[in-house]
2 protein chains.
Amino acid sequence: MDAAEQQVRQKGADGFSYSDLSTAVGLRKASIHYHFPAKSDLLTAIMARYGKRVMQELETYGDRFDTAEQQLEGFVAFYRAALQQGSSLCLCVAYAVNADGLSADTRQEIARFRAEVLTWLQHRFEMMQTRPDLPGGFGNATDAAAATLALVEGAQLSARIAADPAIYDQATRRFREQLRRN
Amino acid sequence: MDAAEQQVRQKGADGFSYSDLSTAVGLRKASIHYHFPAKSDLLTAIMARYGKRVMQELETYGDRFDTAEQQLEGFVAFYRAALQQGSSLCLCVAYAVNADGLSADTRQEIARFRAEVLTWLQHRFEMMQTRPDLPGGFGNATDAAAATLALVEGAQLSARIAADPAIYDQATRRFREQLRRN
DNA sequence: GTCTATAACTCGATAGAC
DNA sequence: GTCTATCGAGTTATAGAC
């Protein structure tokens with residue numbers, strides 16, 4: 001599953017085959033079909049595991065960072081780390097383009113993960129709203145959550161197309177500065 | 001090429017075949033190969049035509065809108081219109097996921113287009129900077145341009161995954177309000 | 001320019017031995 | 001659980017008649 005996740009995030013759901021995976025893990029195609037009979041089973045399993053892992057990571061930010069601003073900074077940094085050398089994307093971004101070619105199960109897993117991330121983001125923006133003395137207003141918390149997720153995912157895409165992770169930093173700089181100003 | 005562009009924006013570069021295209025345009029596969037010998041030729045031609053068309057559209061905004069703010073609002077609306085029913089993406093977003101599977105020519109065409117769009121955006125933010133009396137500061141113009149492109153492309157992705165164009169409006173609302181406040 | 005026909009290959013998936 | 005072998009379908013691309 002590690003190998004499969006890597007392949008999806010680098011080349012998309014349609015961009016790798018059981019044959020590619022076979023050489024990557026040193027097993028034959030048929031052996032992989034034993035564990036994941038259909039490719040959609042594999043794609044769904046990867047997405048479920050990915051979502052669980054990411055949310056577990058985000059939940060630790062409450063302990064590791066004092067303020068909502070720092071937690072949001074951590075969020076931006078986490079998506080930056082996912083870029084690696086500029087070749088890897090967040091899994092649901094990698095899935096997005098071929099969305100209608102995915103199974104209903106996979107799509108549902110994607111939707112569930114995105115809803116959880118949006119809720120997480122929204123809570124952080126709500127925490128900031130309870131302190132109206134702060135300079136950097138981010139407006140409605142739900143809108144701010146949607147905008148933030150779009151920004152980091154769009155920044156990942158930009159960095160990927162340019163094959164330059166620094167593009168991610170550039171696209172998110174303004175937002176990060178706004179957090180620090182608070 | 002209209003049919004091919006539509007297919008790419010709906011299903012990605014790897015998500016359609018000459019066979020699909022064949023039924024869409026009422027010609028046989030071999031006839032399409034006559035015009036575009038290799039698929040990469042077709043993908044490059046589509047990207048070049050798309051980039052030219054979009055930039056021509058953006059250039060008209062100077063006449064149609066008085067202020068930089070209005071032109072940027074037009075930009076956000078243009079990317080919203082590209083979404084259609086939530087099924088269609090900006091062409092370079094559709095290309096992005098499978099970026100390393102594309103030919104060097106296609107990648108170069110994508111890079112050229114993105115550079116032109118970023119320059120266009122940057123100029124609008126620079127126009128706004130010359131009026132420091134305005135409330136909504138967008139910071140460094142180059143950063144703002146990168147952030148804006150990332151935002152609208154990320155918003156397209158979010159709307160697409162959710163199969164709901166309204167998500168695009170939500171993710172871009174804050175930015176549009178900031179423009180109107182100027 | 002468009003067609004039929006087909007080459008050469010890869011895809012996801014299965015059968016059955018071990 | 002992993003293997004060899006293979007099926008049927010789909011893929012890009014080409015040859016050659018019209």
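To find a chain, count down the sequence lines: A is the first, B the second, and so on, and within it residues start at 1.
Atom P of nucleotide C:dG12 and atom CG of A:Leu102 are separated by 14 Å, given to the nearest angstrom. Distance A:Tyr18 OH to D:dT2 C1': 15 Å, rounded to the nearest Å. Between the CZ atom of B:Arg28 and the C1' atom of D:dT14 there is a distance of 16 Å, rounded to whole Å. One can place NE2 of A:His33 at 13 Å from P of D:dC3, the figure rounded to the nearest angstrom. As rounded to whole Å, 13 Å separates atom P of C:dT2 from atom CG of B:Leu21. Distance A:Phe36 CZ to C:dT14 P: 15 Å, rounded to the nearest Å. One can place CG of B:Asp41 at 12 Å from C1' of D:dA13, the figure rounded to the nearest angstrom. If you measure from atom CD1 of A:Ile32 to atom P of D:dT4, you get 13 Å, rounded to the nearest angstrom.
DNA chain D is contacted by both B:Ala38 and A:Lys29; A:Lys29 maps to the nucleotide lying nearer its 5′ end (nearest heavy atom per residue).
Within the structure, a side-chain polar atom (N or O) of B:Ser17 is placed less than 4.0 Å from OP1 or OP2 of D:dT11. The shortest distance between the side-chain N/O atoms of A:Ser19 and the OP1/OP2 oxygens of C:dT10 is not below 4.0 Å. Side-chain nitrogen and oxygen atoms of A:His35 include at least one within less than 4.0 Å of the OP1 or OP2 phosphate oxygen of D:dT2. The phosphate of D:dG1 has neither OP1 nor OP2 within less than 4.0 Å of any side-chain N or O from A:Ser31. Side-chain N/O atoms of A:Tyr34 include one lying less than 4.0 angstrom from OP1 or OP2 on D:dG1.
Under 3.5 Å, the side chains of A:Ser103 and A:Thr106 contain a donor-acceptor pair of N or O atoms.
Side-chain heavy atoms closer than 4.5 Å link hydrophobic residues (I, L, V, M, F, W, Y) into clusters, and following such links, possibly through other members, connects A:Leu21 to A:Ile46.
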- [ ] Show the numbers, then the answer: is there a side chain to side chain contact (heavy atoms under 4.5 Å, CB included) between A:Val117 and A:Met55?
- [x] CA-CA 7 Å; A:Val117 172; A:Met55 287 314 299; 4.0 Å; yes
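A:Tyr95 places none of its side-chain heavy atoms less than 4.5 Å from the side chain of A:Tyr50.
Residue A:Glu126 is tested with A:Gln122, A:Gln129, A:Arg124 for a side chain to side chain donor-acceptor pair (under 3.5 Å); the sole match is A:Gln122.
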